[in-house]
Amino acid sequence: MTFRLTLLALLAGSWSCTHAQSTAKPEDTEVWAPEPKVVAPGPPGGGAAPADALLLFDGKNLNEWVSTDNRNAPAAWTVAGGVFTVNKASGNIETKRRFGSYQLHLEWRIPAGISGTGQARGNSGVFLASTGAGDLGYELQILDSYQNKTYVNGMAGSIYKQYAPLANPARPPGEWQTYDIAWTAPTFTAAGALATPARVTVFFNGVLVQNNVALLGPTLYIGAPSYQAHGPTSIKLQAHGDKSEPISFRNIWVRELPAAAK
Ligand code: MG
């Protein structure tokens with residue numbers, strides 16, 4: 001009797017799980033409240049690379065980057081005037097080099113007069129570890145979050161669909177903004193199981209927005225994330241498919257960090 005009931009429960013659970021997946025929508029995992037408070041950031045400036053940093057962009061070229069979809073192809077985003085700008089038609093770009101844990105500094109600018117609303121307004125992102133082509137990886141969101149409402153775990157400074165930022169220090173479109181990131185890569189057992197999750201700390205325009213949060217796995221647009229074992233990975237920038245004007249980047253540097261002691 002007990003066995004039969006258990007079997008029935010298992011079958012019912014299996015059916016409802018399959019059914020739920022087939023009807024899942026992006027909106028299912030959007031969170032809209034409470035909204036992080038708005039914090040006025042300090043003046044622009046700083047961010048100079050320390051002596052031990054590797055320059056990933058020095059204002060001149062994208063020699064440290066390749067196309068994500070074809071790592072044998074150069075990164076085809078536009079370099080001009082000491083900055084580079086997303087070329088949406090050419091897709092995501094990522095670093096030639098692969099990294100474990102690191103400190104990363106980058107600066108980005110939403111163009112003045114940008115159009116669009118919500119997620120379709122200056123959307124890009126930093127995949128802190130690219131785990132495959134397209135958008136696979138752990139995404140720190142880039143978006144115009146200056147008076148632009150969207151779900152809070154999808155605004156600038158969020159770990160997309162996992163953690164809303166602790167505050168909203170976004171500057172208006174047209175101004176440069178900074179991310180300073182400490183990324184601790186996940187570790188896996190020899191059998192491929194998760195040993196320690198990825199962790200990330202993020203300062204956005206000098207304001208702490210992510211405080212050593214443990215990630216649930218690589219970013220998913222729909223559904224719940226989970227880990228798959230990987231080694232060192234590239235850092236990837238997103239060419240998002242929305243119709244708003246493309247954003248720009250400058251002054252990107254990284255400092256590799258030693259693996260955590262066991
Ligand atoms: Mg994005």
Side-chain angles (χ1 to χ4, degrees), residues 25-32 35-36 56-57 65 67-69 75 77 84-95 104 106-111 114-165 168-171 173 176-181 183 198 200 202-205 209-210 213 215-225 233-250 252:
K25 300 186 296 295
E27 294 79 1
D28 294 343
T29 43
E30 295 177 358
V31 178
W32 289 75
E35 291 188 52
L56 293 175
F57 179 66
W65 302 80
S67 164
T68 295
D69 294 334
W77 292 11
F84 69 91
T85 300
V86 178
N87 175 354
K88 296 192 182 190
S90 72
N92 297 347
I93 66 171
E94 63 186 32
T95 56
L104 176 68
L106 64 85
E107 303 180 14
W108 51 275
R109 182 182 62 191
I110 304 289
I114 190 167
S115 61
T117 59
Q119 291 289 307
R121 187 178 170 88
N123 198 328
S124 181
V126 188
F127 289 88
L128 302 164
S130 170
T131 56
D135 284 347
L136 295 176
Y138 309 78
E139 185 182 9
L140 167 61
Q141 176 69 309
I142 292 177
L143 189 75
D144 178 20
S145 285
Y146 184 81
Q147 301 175 353
N148 174 40
K149 199 174 183 67
T150 187
Y151 43 98
V152 297
N153 59 350
M155 59 195 293
S158 69
I159 301 303
Y160 188 78
K161 292 283 181 83
Q162 295 190 33
Y163 293 100
N168 179 9
R171 294 192 172 104
W176 284 100
Q177 317 207 52
T178 60
Y179 276 164
D180 288 280
I181 302 156
W183 167 255
V200 64
V202 180
F203 291 87
F204 177 12
N205 292 332
V209 293
Q210 300 292 345
V213 292
L215 273 59
L216 308 173
T219 298
L220 280 186
Y221 181 45
I222 299 173
T233 48
S234 297
I235 297 167
K236 178 164 63 186
L237 301 177
Q238 186 182 41
H240 191 270
D242 71 80
K243 298 288 191 287
S244 66
E245 296 76 6
I247 79 162
S248 299
F249 293 88
R250 71 177 184 187
I252 305 178

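Just follow the structure's listing: the first ligand is 1, and inside any ligand the first atom is 1.
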Item to check | salt bridge (charged side-chain N to carboxylate O under 4.0 Å, His left out) assessment of E139 paired with K236 | outcome: CA-CA 9 Å; E139 185 182 9; K236 178 164 63 186; over 6 Å; no
Item to check | Trace of the salt bridge (charged side-chain N to carboxylate O under 4.0 Å, His left out) decision for D242 with K88 | outcome: CA-CA 9 Å; D242 71 80; K88 296 192 182 190; 3.2 Å; yes
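Between the OE1 atom of Q238 and the OE1 atom of Q141, the angle taken at the Mg ion (ligand 1) works out to 150° after rounding to 10°.
Using modelled atom types, one finds no donor on one side chain facing an acceptor on the other under 3.5 Å when comparing Q210 with Q162.
Residue contacts to the Mg ion (ligand 1): N123 brings an N, O or S atom closer than 2.8 Å.
The atom of E139 nearest to the Mg ion (ligand 1) is OE2, with the search restricted to N, O or S atoms.
In this pair, Y179 and F204 present their aromatic rings perpendicular. The plane angle is above 60°, beyond the 30 to 60° band.
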